[in-house]
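Structure first, commentary second.
Every heavy atom of this structure was used, including side-chain atoms; hydrogens, water molecules and symmetry mates were not. The first residue of the sequence shown is numbered 1, and numbering continues consecutively from there. Whatever order the structure lists them in is the order used to number ligands and atoms, beginning at 1.
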Amino acid sequence: MRRQLVAGNWKMNGTRASVAELIRSLREQALPASVEIVVLPGALHIGQVVESLSGTQLSVGAQDCASEAGFGALTGEESVEQLQDAGCEWVLVGHSERRLILGESDEVVRRKFAAAKACGLKPILCVGETLEQREAGQTLEVVGRQLESVVSALGISALADAVVAYEPVWAIGSGLTATPQQAQEVHAAIRAQLARESAEVAEGVRILYGGSVKAANAAELFGMADIDGGLIGGASLKADEFGAICRAA
Ligand code: PEP
């Protein structure tokens, strides 16, 4: 039985004051102990969030990491070691905003994934197709290629305790949500692709859905057989809404 996971991606939002307020409201939420809950603040707020969530069931992750491990001359980047030292347990890799706006290639995403795994940070690998690719019938091919880039280079065992987030680009921040059936089709294909290498790994991997998840549509999405929780953007900035999404998982 896979434990449901809900992660809130705060993106490039917040000030110290608004983050303190969000945490205060989150702490007032009744959150289900059965669900694993992660928040992903911007890098500047990681220390503040780690400190204020200490002793709660919420854990903290980063939205990105450097593709090089260790320390050294890479201006403006944070390595997985630094993120871990700051109290992160998780890190997103390959978010579509980084792939598409900042030009991150599959190879860079794979290196970030490998760096995270090597130091014990838990990566959440984001995959997903654009609207153009969906309309051209390329969804499974695109998502399959993004996944294969990690599996073929690092081996299926690298996915053993990892989390994959399927996030159709057209659904992110757009108010458009994939139907539960559309999402389930891709989640099942991801699991089937992993099962061709290892049935055991495929069965254990958690596959989150992301793309305009709200309290109103979460239960239906999370009720699908291969959807193991959600990666939540905009709605994670509202404690009540995020709390309701966690309770739907
Ligand atoms: C995201 O950016 O990961 C995301 C899912 O955003 P939203 O929920 O706002 O669509």
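Atom 9 (O) of ligand 1 has G234 N, 2.8 Å as its closest protein atom, hydrogens excluded (heavy atom only). Of all protein heavy atoms, the one lying nearest to atom 5 (C) of ligand 1 is E167 OE2, 3.0 Å. Closest protein heavy atom to atom 1 (C) of ligand 1: H95 NE2, 3.3 Å. The protein heavy-atom contact nearest to atom 2 (O) of ligand 1 is K11 NZ, 2.5 Å.
A salt bridge (Lys or Arg N to Asp or Glu O under 4.0 Å) with D64 holds for exactly one of K11, R98, R99; it is R98. Residue H95 is tested with V109, N9, I101 for a side-chain contact (heavy atoms from CB on, under 4.5 Å); the sole match is N9.
Annotation for ligand 1: atoms under 4.0 Å from non-hydrogen atoms of A171 are 10 (O). Taking a cut-off of under 4.0 Å to the non-hydrogen atoms of L231, the atoms of ligand 1 that pass are 3 (O), 5 (C).
Here the CG atom belonging to D226 is positioned 8.0 Å from the NE2 atom belonging to H187, to the nearest 0.5 angstrom. Note that the OH atom of Y166 and the CG atom of L208 stand 13.5 Å from one another [nearest 0.5 Å]. The distance from atom CD of E68 to atom CZ of R111, rounded to the nearest 0.5 Å, is 5.0 Å. We find the CD-CG distance between E200 and L194 to be 13.0 Å, quoted to the nearest 0.5 Å.
Ligand 1 has no N or O atom lying under 3.5 Å from any N or O atom of G211, backbone or side chain.
Ion pairing between R134 and E129 holds under the 4.0 Å rule for side-chain N and carboxylate O.
With a heavy-atom cut-off of 4.0 Å, I172 touches ligand 1 through backbone and side chain alike. Neither the backbone nor the side chain of S174 has any atom closer than 4.0 Å to an atom of ligand 1 (non-hydrogen atoms only).
Across G233, G230, A235, G173, heavy-atom proximity to atom 10 (O) of ligand 1 is greatest for G173.
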